[in-house]
Amino acid sequence: MDLLSDIRVRFAPSPTGELHVGSARTALFNFLFARACGGKFILRVDDTDQERSRPEYVDALFNSLHWLGLEWDEGPYYQSQRLPEYGREAARLLAEKKAYHCYCTPDELAAGRAEARKAGKPYLYPGRCRTLPPEEERAFQAEGRPQVVRLLTPDQGETVVVDEIRGEVRFDNSTLDDFIIVKSNGLPTYNFASVVDDEQMRISHVIRAEEHLSNTPRQQLCALLLGYRLPRYVHVPMILAPDRSKLSKRHGATAVEEFRVQGYLPEAILNYIALLGWSPGEEEIIDLAEMIRTFSLDRINKTAAVYDVAKLTWMNGHYLREASLERIAGLAAPFFEAAGLLRAPLAGADLSYLERVVEAVRDRVKTLAELAEASAYFYRAPESYDEKGEQKHFQKEGAAGLLRLAAERLRGLNPFSLESAESAYRALSEELGIPAARLIHPTRLALSGRTMGPGLFEIMVLLGREKTVRRLEEAARYIEGKGW
RNA sequence: GGCCCCUUCGUCUAAUCGGUUAGGACACCAGCCUUUCAAGCUGGCAGCAGGGGUUCGAAUCCCCUAGGGGUCACCA
């Protein structure tokens, strides 16, 4: 039995793109498991693919992880900096005759594959170089022919993977071929490097997506031949796109960074992805601390989860309302800036104005970007009026006069407050013998250009007397100009 | 196609040694609240993939079928 303190897990992304929600959830589960057990959460960058790995993605990955609050205890380690370790282990396998050099060219292999496909058979490397005559091998080396290293795998028997979630999964060794562990460029392949790393980093539990289950027997064989002890395997269910295919760019926003840019909150993303394949039991609105408290592997299910932005968005709206005004205003500021509504840095009156705007508007939106969009008229007069609104509230007998009358009342108000503005409107509508709504709706349109939004008198107070009166008069002029 | 995994409302899930009117959340619909839109509250719609077994009793155990997914690289 592992000691609690020996629990060590790792998140090992390859820097070939942004952190997407699937990887983020894998990172989360690793993080939660480590924290729940008092173990260590290790970050490793699997960058042995020279073509596709990019340094800027390493930064992007780290940034997303930090932003989500998934801090690691150890690392980052880089596979590209551990090449001597893989070289040493490969040499050992070679010396022990558990691996061999292969000189087959990519063309030869491709031909074999094509043939297999024609015959409708699965392709397995036939092991041609297993028994290469020494003189032939010397000749290949003399001519400088590229070589790879293949693992000498058993042809018979079976490899049983014990998965913490799925139980025993059996693979017939005859379906596994002598796979490559060192590429012709000298770099290790994933199935080899990660096995070496997991051993040397004393990883106790390999928690990763189910797509890796099929690779696990290869890694297990590798570990066996290297004389390693096996980690526990935990293959968590996949996250699928709404069309039930593998999640990819064509399914819209899938990267954590994209959600950040759209105005999603880290706690909403974390909460939402935690629920994909795992269940906390009681309450499903939970923060990271609560996740750590309730996390356990046996509450992870086996079924792939379809990712549903609608629920994420709902959850984001929830957290937008729950969080402190100060925090949301601070997070929203860059979005207001991007919308050209204000300029940083914000302080004093500008900041408290922003907070009051956020307070008035946030119940009505689900993201920070929407928040900024829905708040525009608090920073500048409407450039146009909602078309349906015009028909309903402006194109009415006496609309302009009503607005002028209202402006007149407001101008003389002292103080100009929520209560005074409202009672002025109520009184005016009573005097005119019309419903208050006849006054309220066109006023809203005049002030905001929209037919929906916060309470009208809240808007007035936020705008202040001067702007309120001016916009009312502008609207009246506009209506008169149209000849309605 | 071979191999592997999976199958509870449209979606995420609960029901963890077989006994529940199969529970919750999102979405949707309706009502309440209300100056609008939201938010909030209340209610509603909706599911054990199909077929065989085992059993007094099956969403739960077994088998088959169907469907979905993953993987078969000198990518990870």
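Letters A, B, ... mirror the listed sequences (proteins, then strands); counts begin at 1.
The shortest distance between the side-chain N/O atoms of A:Lys183 and the OP1/OP2 oxygens of B:C75 is below 4.0 Å. Side-chain N/O atoms of A:Arg166 include none lying less than 4.0 angstrom from OP1 or OP2 on B:C4. At the phosphate of B:G1, neither OP1 nor OP2 sits under 4.0 Å from any side-chain N or O atom of A:Lys118. Between A:Thr48 and the phosphate of B:A76, there is a side-chain N or O to OP1/OP2 separation shorter than 4.0 Å. Taking only side-chain nitrogens and oxygens, A:Arg218 never comes nearer than 4.0 Å to OP1 or OP2 of B:C4.
For A:Thr303, taking side-chain heavy atoms from C-beta onward, the closest of the listed nucleotides B:U36, B:A25, B:C6 is B:C6. In this structure, of B:A39, B:C5, B:U36, it is B:A39 that holds the atom nearest to the side chain of A:Lys366. Among B:U13, B:C26, B:C74, the nucleotide with an atom closest to any side-chain atom of A:Trp314 is B:C26. Nearest to the side chain of A:Lys311, among B:U35, B:A14, B:G24, sits B:G24. Closest to the side chain of A:Arg52, from the set B:C75, B:A39, B:C37, is B:C75. For A:Glu211, the listed nucleotide lying nearest its side chain is B:U71; candidates were B:U11, B:A38, B:U71. Distances from the side chain of A:Phe171 to the nucleotides B:A76, B:C3, B:G10 place B:C3 closest. For A:Arg299, taking side-chain heavy atoms from C-beta onward, the closest of the listed nucleotides B:G70, B:A14, B:U7 is B:A14. Taking only side-chain atoms of A:Ile440, from C-beta outward, the nucleotide of B:C37, B:U35, B:C4 with the closest atom is B:U35. The A:Tyr190 side chain lies nearest to B:A76 when the options are B:U71, B:C6, B:A76.
No donor-acceptor contact under 3.5 Å links the side chain of A:Ser214 to the base of B:C4. A donor N or O paired with an acceptor N or O is not found under 3.5 Å between the base of B:A27 and the side-chain atoms of A:Asp308.
Within the 4.0 angstrom heavy-atom criterion, no nucleotide atom of any strand lies near A:Arg117. Residue contacts shown for A:His235 are absent, as no nucleic acid heavy atom lies under 4.0 Å away.
In this structure, NE2 of A:His393 is placed 14 Å from P of B:U35, rounded to the nearest angstrom. A straight line from CG of A:Asn301 to P of B:A15 spans 10 Å, rounded to a whole angstrom. In this structure, the CD1 atom of A:Ile286 is 14 Å from the C1' atom of B:G24, given to the nearest Å. Residue A:Asn191 contributes atom CG, which lies 11 Å from atom C1' of B:U71 at whole-angstrom precision. Taking atom CD of A:Glu282 as the reference point, atom P of B:A14 lies 13 Å away to the nearest angstrom. Nucleotide B:C37 holds its P atom 14 Å from the NZ atom of A:Lys388, rounded to whole Å.
Judged purely by distance below 3.5 Å, without hydrogens or angles, the side chains of A:Ser14 and A:Tyr57 never pair a donor atom with an acceptor atom. No side-chain N or O of A:Gln156 forms a donor-acceptor pair with one of A:Asn173 less than 3.5 Å apart. Between the side chains of A:Thr303 and A:Asn301, not a single donor N or O lies within less than 3.5 Å of an accepting N or O.
Side-chain rings of A:Phe62 and A:Trp72 approach one another, their centers coming within less than 6.0 Å. Ring centroids of A:Phe29 and A:His205 are separated by 6.0 Å or more, keeping the two rings apart. For A:Tyr125 and A:Phe179, the ring centers are positioned 6.0 Å apart or more.
Each of A:Tyr272 and A:Gly453 was matched to the nucleotide of RNA chain B holding its nearest heavy atom; the match closer to the 5' end belongs to A:Tyr272.
Here B:A30 sits opposite B:U42 as a Watson-Crick or G-U wobble pair (both hydrogen-bonding atom distances under 3.5 Å). Under the Watson-Crick or G-U wobble criterion, with both distances below 3.5 Å, B:A73 is left unpaired in every strand shown.
Side-chain N or O atoms of A:Ser64 include none that pairs as donor or acceptor with a backbone N or O of A:Leu61 at under 3.5 Å.
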